Engineer: 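Here's a structure for you.
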There are 2 protein chains.
Amino acid sequence: MTHHITEGEAAALLMAADNILLLAHQYPDGDTIGSNYALCLALRTLGKQVRVLCGDPIPERYEYMIEGVEMPDFEPAFICAVDVADPTLLGSAVEAEYGSRVDLCIDHHSTNVGYAAATCVDADCAAAAMVVMRIIRLLGVDLTPAMASCLYTGIATDSGCFKYLNTDANTHRMAADCIEAGAPVEMINRTQFDVKSRARIELERLALKGMEFHHNGRVAVMAVTAEMIAHSGATENDLEGMTPIPRQIEGVWVGITLRQKEDGNYKISVRTGHHADATAICGLLGGGGHIRAAGCSVDGTLEEAKAAILDATERAIPCIGKY
Amino acid sequence: MTHHITEGEAAALLMAADNILLLAHQYPDGDTIGSNYALCLALRTLGKQVRVLCGDPIPERYEYMIEGVEMPDFEPAFICAVDVADPTLLGSAVEAEYGSRVDLCIDHHSTNVGYAAATCVDADCAAAAMVVMRIIRLLGVDLTPAMASCLYTGIATDSGCFKYLNTDANTHRMAADCIEAGAPVEMINRTQFDVKSRARIELERLALKGMEFHHNGRVAVMAVTAEMIAHSGATENDLEGMTPIPRQIEGVWVGITLRQKEDGNYKISVRTGHHADATAICGLLGGGGHIRAAGCSVDGTLEEAKAAILDATERAIPCIGKY
């Protein structure tokens with residue numbers, strides 16, 4: 001059983017600690033990187049030795065947060081996971097080494113499993129960066145532009161640029177504080193939300209051209225084939241963020257994206273609105289995920305993969321197309 | 001010559017007035033509608049007779065702001081334009097009737113031509129709705145959810161959902177205040193930023209197909225012709241929000257969108273990054289706007305309009321393409 005503590009108690013634990021290892025989750029996103037790096041920089045201003053560990057490489061789009069931040073090697077005396085709801089999310093190597101001896105977990109997931117000795121969770125926060133920002137204040141550390149840059153990135157990315165349901169007045173106010181502390185928001189917003197490569201634009205155009213609608217427009221299906229990827233010159237980086245497109249179309253309940261893998265078969269992503277359960281659809285094909293975003297894989301041609309996922313959609317949501 | 005006044009003086013003018021006609025600009029957007037309707041609702045709580053006039057129909061996506069707000073007929077005794085930098089932007093019919101007798105203009109455009117008897121401009125505000133929000137407070141009116149909904153829409157749309165350069169700490173703090181006052185932000189964000197019609201998707205595809213790059217990829221030009229609009233089935237509503245697309249492409253400093261008007265000529269929108277001044281470009285063709293987003297009109301064929309705006313771009317930014 002973990003001990004649930006306040007932000008003030010979390011700050012006190014960190015204040016008393018040194019040789020601190022901070023842990024980010026695998027498949028790192030803006031919030032786990034931003035909140036870990038901001039906390040690392042803040043603790044260093046207190047003279048502590050701190051480093052951040054992530055089980056996966058940090059994607060290029062987050063490089064501005066980690067650039068120039070050296071990671072010294074030392075034997076950790078205090079282990080703190082940030083934005084990690086479950087030790088399995090550390091990735092198997094990091095989990096094996098540190099998963100069972102986390103001293104403190106700082107998080108914003110209501111689903112946090114309570115694996116750390118002490119857990120500080122605020123599920124009302126849109127981002128772990130918001131919890132970290134309050135702890136940094138409680139540590140008496142003034143935000144530097146570099147910390148503000150990390151925190152703003154966490155807040156903006158985890159709130160879908162202030163569009164997701166988790167965004168409240170507090171989310172905006174903390175973003176305002178980051179801007180005042182010198183976060184380079186123009187660069188961050190452009191990097192995280194705005195910039196598309198020419199290859200990506202071309203890939204979108206090709207994929208949109210083949211978009212299909214089924215069941216009175218309630219289901220939209222978009223394929224991203226190996227041929228389209230090759231023709232557009234898109235890289236892995238360009239492929240990110242294609243999956244929400246079909247569901248953004250007016251009237252669509254189920255948005256399906258089929259992406260051809262290197263072996264020729266298809267990885268399928270399903271996004272749903274509040275009328276439909278994505279896990280129910282993907283579960284029929286051996287996949288899983290969240291209620292509004294799930295995935296599965298289907299072997300075969302594009303036509304076979306499409307037929308399989310449309311069949312699964314009809315079986316999971318028999319009423320689809322009747323509205 | 002107009003008289004430049006503070007927000008407090010603008011509030012005093014409105015407080016002393018009655019039978020107030022508020023004017024929005026043509027091709028109405030979220031900010032002109034949101035700021036006019038919020039001010040209308042606020043003035044009505046003070047017992048005043050107020051109505052809003054816009055030279056164009058209000059697009060469907062803004063209906064939630066105007067629904068149920070009756071517009072009584074009366075002889076206006078005080079005329080106030082909101083978010084209208086130049087009387088020509090009222091549209092010819094409204095301009096002919098009221099353009100020369102505007103008592104007060106409330107605006108956030110640095111290019112405001114000073115056509116009203118009194119002008120209250122704050123060019124540091126991302127949206128006219130922010131200026132209006134402060135005037136509403138100075139009037140001593142508490143924000144209702146309906147006013148907050150209008151103001152949030154103005155702030156969020158004119159700041160590109162808090163992504164444009166005009167976004168600062170104040171923008172976020174005023175959005176936070178709107179959320180606390182009951183603005184239905186989930187619905188607003190989905191309506192303004194997330195949902196696209198099938199016609200819009202098809203129109204994007206057609207426009208992307210003809211996208212051109214100039215000056216080493218620093219300038220991107222996208223045309224939206226009457227033929228594309230007709231072929232896609234896009235309505236006025238679908239056309240909004242196309243203008244940011246060219247500048248979203250990696251490496252682009254100047255993003256240009258040419259939209260064919262009903263008379264066959266072109267309305268041009270220019271969006272720029274921090275390397276380039278959009279008003280300098282559009283000013284050469286008789287247009288204006290903000291430093292990062294400006295517009296102008298050019299008579300002629302698509303090729304002529306393209307040549308004119310590319311020439312203006314080169315003249316305004318001689319170094320373009322040298323990087």
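On a predicted model such as this, the values are computed, not experimentally measured, just so you know. So that the names make sense, note that chain A is the first sequence line, chain B the second, and so on, each numbered from 1.
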Engineer: Under a 4.5 Å heavy-atom cut-off, does chain A meet the side chain of B:Phe213, its backbone, both or neither?
Structural biologist: side chain
Engineer: Under a 4.5 Å heavy-atom cutoff, which of A:Glu180, A:Glu202, A:Glu186 has the most pairs with chain B?
Structural biologist: A:Glu186
Engineer: Could you check whether any side-chain N or O of A:Arg271 sits under 3.5 Å from a backbone N or O of A:Gly255, counting only pairs where one atom can act as donor and the other as acceptor?
Structural biologist: no
Engineer: Out of B:Ala220, B:Gly273, B:Ala176, return the one with the most heavy atom pairs under 4.5 angstrom to chain A.
Structural biologist: B:Ala176
Engineer: What residue in B:Ala175, B:Ala169, B:Cys178 has the most heavy-atom pairs under 4.5 Å with chain A?
Structural biologist: B:Ala169
Engineer: Evaluate side chain to side chain donor-acceptor pair (under 3.5 Å) for A:Ser197 paired with A:Asp238, printing each intermediate quantity in order.
Structural biologist: CA-CA 7 Å; A:Ser197 67; A:Asp238 297 319; 2.7 Å; yes
Engineer: Salt bridge or not for B:Arg200 and B:Glu204, using N-O below 4.0 Å?
Structural biologist: yes
Engineer: Is B:Asp122 paired with B:Arg134 through a side-chain N to carboxylate O contact shorter than 4.0 Å?
Structural biologist: yes
Engineer: If the threshold is 4.0 Å, N to carboxylate O, is there a salt bridge linking A:Arg173 and B:Asp177?
Structural biologist: yes
Engineer: What residue, out of B:Ile249, B:Leu208, B:Leu206, B:Val252, has the most heavy-atom pairs lying under 4.5 Å from chain A?
Structural biologist: B:Ile249
Engineer: Please determine, among A:Met211, A:Arg198, A:Lys163, the option with the most heavy-atom pairs under 4.5 Å with chain B.
Structural biologist: A:Arg198
